[in-house]
Protein chains: 2
Amino acid sequence: MKLAFDDFRKIMRIRTPLDIGLAIRDRRRKLKLSQAALARKTGVGRQWIVAVEHGKSRAELGLVLRILSVLKLPLTIGPDHRRLVLDDGPDPVDIDAIVNAARDDRT
Amino acid sequence: MKLAFDDFRKIMRIRTPLDIGLAIRDRRRKLKLSQAALARKTGVGRQWIVAVEHGKSRAELGLVLRILSVLKLPLTIGPDHRRLVLDDGPDPVDIDAIVNAARDDRT
DNA sequence: GGGAAAAGTCGTCGATCGCCTACAAGTAAA
DNA sequence: TTTACTTGTAGGCGATCGACGACTTTTCCC
C-alpha cells in the first residue's frame, strides 16, 4: 500500500525534545524546505529552528506546536500502544488559521 | 472490550497548548493527584502545573515531556489519522530514569 | 576546484521563564 | 465555625528565552 507521503506512515513516539527535533528535520527535508524558509513560514528565527532540530529542551511549547502545524505533522496524545486506532473525525487542517491563532495565543 | 484504563483508549489530537493542558488535567484527576503532588513528582513548581493546565503556550518543551512521562501519557507524532496503528514495540517506561535524565537535560 | 546556498555559532537585547513566598476563594469534614 | 486541603493569583528573583546581525563551516551543484 503506497501513499502520497511515505514518511507519513511512520509513527514516532515522542519521549524527548530530540525526538521532536529529528521528526521536524526529517519532515522539513522531505518538504524541501531550508531552515530559513521554514523559519519564515513559522514565524520564528532561523537559529530557533537550528536549536530545536538539535533537541532544545527549553523551547516554547507554543512555537513547537506551530512548527508542527506548518509541517503538517500531527501530534496525538493518549493512544496507548499496541492498539487499534480509529481517529475521531476528519482532518480539517487549516494551517493558516492555526498559525495565525497561535500567533496571538501568547498567554 | 473493556480495558483497565478506560481513559487510555481516548486518542486526542494536540493542536494547541490548551489541548495538552486539558489532557494533563484529565489524567491527573484520574490518577487522584493534586497539583502539588504532581508538581513534586515531576520536579516543577505547583504554579507551573496551574499555568500549563490552563494552556500556557510558552511552557518549556522539556518540562511538558516530563510531565507526560510522569502521567504515562504517550505522545506520538506522524501517525496520520484513520489508520491502523501498531506500536513498534514494548513500552519500557521507566519514569524515574526519564525524569532524572531530563533533569540534567537542560541544553 | 570554485561559488553559492545552507547550516551552525556567537553576542547583545528586551521580555519572559519557572521558582519562591504569600494570600484569597472554594470545598469538605468535624 | 474551625480545620485542612485544593486551586488560582500576585510580586520578586536570577536565569534564559527567542530575534537579530555577523561570522565560520559545511554541503551542494556547476
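A, B, ... follow the sequence lines: proteins, then strands. Residue 1 opens every chain.
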Mind calculating the distance between [atom1] ([X]) and [atom2] ([N]) to the nearest angstrom?
X	N	atom1	atom2	value
A:Ile67	D:dG18	CD1	C1'	13 Å
B:Leu38	D:dC5	CG	P	19 Å
B:Glu53	D:dT9	CD	C1'	15 Å
A:Leu33	C:dA5	CG	P	17 Å
B:Arg58	D:dG18	CZ	P	7 Å
B:Ile49	D:dT6	CD1	P	14 Å

Looking only at atom types and distance, does a side-chain atom of [X] sit under 3.5 Å from a main-chain N or O of [Y], one as donor and one as acceptor?
X	Y	result
B:Arg46	B:Ala39	no
A:Arg28	A:Leu33	yes
A:Arg66	A:Thr42	yes
B:Thr16	B:Leu18	yes

Judged by each residue's nearest nucleotide on DNA chain D, which is more toward the 5′ side, B:Ser34 or A:Ala59? B:Ser34
Pairwise 5' ranking along DNA chain D for A:Val44 and B:Gln35, keeping only the more 5' one: B:Gln35
Output the single nucleotide from [options] whose closest atom is nearest the side chain of [X].
X	options	answer
B:Gln47	D:dT9, D:dA22, D:dG18	D:dT9
B:His54	D:dG8, C:dA7, D:dT16	D:dG8
A:Trp48	C:dA22, D:dA19, C:dT9	D:dA19
A:Arg46	D:dG8, D:dG18, C:dT9	C:dT9

Is the shortest side-chain N/O distance from [X] to OP1 or OP2 of [N] below 4.0 Å?
X	N	value
A:Lys56	D:dC17	yes
A:Arg25	C:dG8	yes
A:Arg29	D:dT27	no

Using 0.5 Å steps for rounding, measure from the CG atom of A:Leu38 to the CD1 atom of A:Ile49. 4.0 Å
